[in-house]
Amino acid sequence: MPRVILMGPPGAGKGTQGEVLASEWQVPKIAPGDIFRAEISQSTELGLKVKSYSDAGRLVPDAVVIEVIESRLKQEDAHKGWILDGFPRTVAQAEALDVLLSEIAQPYDSVINLDVPEHILIDRLKSRAIDQGRADDNEDIIKNRLEEYNAKTRPLLEFYGSKVKQIDGTPSMSEVTETIKKLLA
Ligand code: ADP
């Protein structure tokens, strides 16, 4: 019953790794970014609320993200485990997650940080802008996302401290997957 928190800067490969591991372990990958993109494309009330932040490469307010993740983690399919990709991204989110997980008696078992140097992240995000047409991968916005990461998300490494397992995210996707699997085996 894996319950894994996958961390790392934008472009580190969390989404891809999360996808592969979730299908292998048959647990949901829960990613606020995926949820927001779906809501935005359907122009729901939540989509409209988060669009301006997401388009600008800024973090969506904690209260909004926390509510979304709380209700997602309480759904039936999450009882058998999960991979959190892109949550928590602030210390306030991490604190809220601790409270929630103890309420639902589902402690996490690993925190993984995918480590990739900034110049490689920028190259990856720029090519994703071309391949996938993601509006938030344009150059100015990439700068904002990295700024948000450094200011608000990087401090989580200290929050989780020795619980964090560092993984080099620079090799190929499949090599990184193998490293994660070995580490969690
Ligand atoms: P990436 O990891 O490549 O930056 P995501 O798909 O995880 O992209 O997130 C896309 C956008 O969704 C973020 O730039 C942000 O606006 C919003 N978002 C995602 N996760 C969070 C979070 N935990 N807290 C606040 N905003 C978030």
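Ligands are counted one by one from 1 in listed order, and the atoms in each one are counted from 1 as well. This is a predicted model, so every value here is computed, not measured.
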* Asked: If hydrogens are left out, which of Arg128, Arg145, Lys152 has an atom nearest to atom 4 (O) of ligand 1, that is, the closest non-hydrogen atom?
  -> Arg145
* Structure fact -> min-distance protein heavy atom vs atom 8 (O) of ligand 1 -> Arg134 NH2, 3.2 Å
* Specify the protein heavy atom at minimum distance from atom 16 (O) of ligand 1: its residue, its atom name, and the distance to 0.1 Å. => Arg58 O, 2.6 Å
* Asked: Is the closest N or O pair between Gly86 and ligand 1 shorter than 3.5 Å?
  -> yes
* To do: Would you mind listing which atoms of ligand 1 come within a distance below 4.0 Å of any non-hydrogen atom of Val65?
  => 22 (C), 23 (N), 24 (N), 25 (C)
* Glu148/Arg145 ion pair, N-O < 4.0 Å -> no
* Asked: Val50 and Leu59: same hydrophobic cluster, using ILVMFWY side-chain contacts below 4.5 Å?
  -> no
* Structure fact -> Only residue of Ile83, Thr177, Thr179 satisfying side chain to side chain contact (heavy atoms under 4.5 Å, CB included) with Gln17 is Thr177
* List the steps and the verdict of side-chain contact (heavy atoms from CB on, under 4.5 Å) for Glu158 and Val91. => CA-CA 10 Å; Glu158 230 167 281; Val91 171; over 6 Å; no
* Kindly indicate whether the side chain of Leu100, heavy atoms from C-beta on, has any atom under 4.5 Å from the side chain of Ile66. => no
* To do: Just let me know how Met7 lines up against ligand 1, side chain, backbone, both or neither, with a heavy-atom cut-off below 4.0 Å.
  => neither
* Structure fact -> among protein heavy atoms, the one nearest atom 10 (C) of ligand 1 is Arg37 NH1, 3.7 Å
* With a cut-off of 4.0 Å, which atoms of ligand 1 are near a heavy atom of Leu59? -> 25 (C), 26 (N)
* Hey, are Lys165 and Asp115 close enough for a salt bridge, meaning a charged N less than 4.0 Å from a carboxylate O? -> no
* Starting from the C-alpha separation in whole Å, work towards a yes-or-no answer on side-chain contact (heavy atoms from CB on, under 4.5 Å) for Val4 and Leu21. => CA-CA 10 Å; Val4 176; Leu21 296 169; over 6 Å; no
* To do: Do me a favour and list the nearest non-hydrogen protein atom to atom 9 (O) of ligand 1 with residue, atom name and distance?
  => Gly33 CA, 3.7 Å
* Structure fact -> Output for pair (Leu84 CG, Lys29 NZ), nearest 0.5 Å, gives 11.0 Å
* Closest approach of any protein heavy atom to atom 17 (C) of ligand 1, naming residue and atom -> Phe36 CD1, 3.8 Å
* Give yes if a backbone or side-chain nitrogen or oxygen of Lys14 is under 3.5 Å from a nitrogen or oxygen of ligand 1, and no if not. => yes
* Indicate yes or no: does an N/O atom of Gln93 lie under 3.5 Å from an N/O atom of ligand 1? => yes
* Can you tell me the protein heavy atom closest to atom 20 (N) of ligand 1 and the distance? -> Arg89 NH1, 2.8 Å
* Identify the protein heavy atom lying closest to atom 11 (C) of ligand 1, giving its residue, its atom name and the separation to 0.1 Å. => Ser54 OG, 4.1 Å
* Do Leu156 and Pro88 come within less than 4.5 Å of each other through their side chains, counting heavy atoms only? -> yes
* **atom 26 (N) of ligand 1: the protein heavy-atom neighbour that sits closest, reported with distance to 0.1 Å** => Val60 N, 2.9 Å
* Asked: With no hydrogens and no angle check, is any side-chain donor or acceptor of Gln132 less than 3.5 Å from a backbone partner on Arg128?
  -> no
* Establish whether atom 13 (C) of ligand 1 and some protein heavy atom are separated by less than 4.0 angstrom. => no
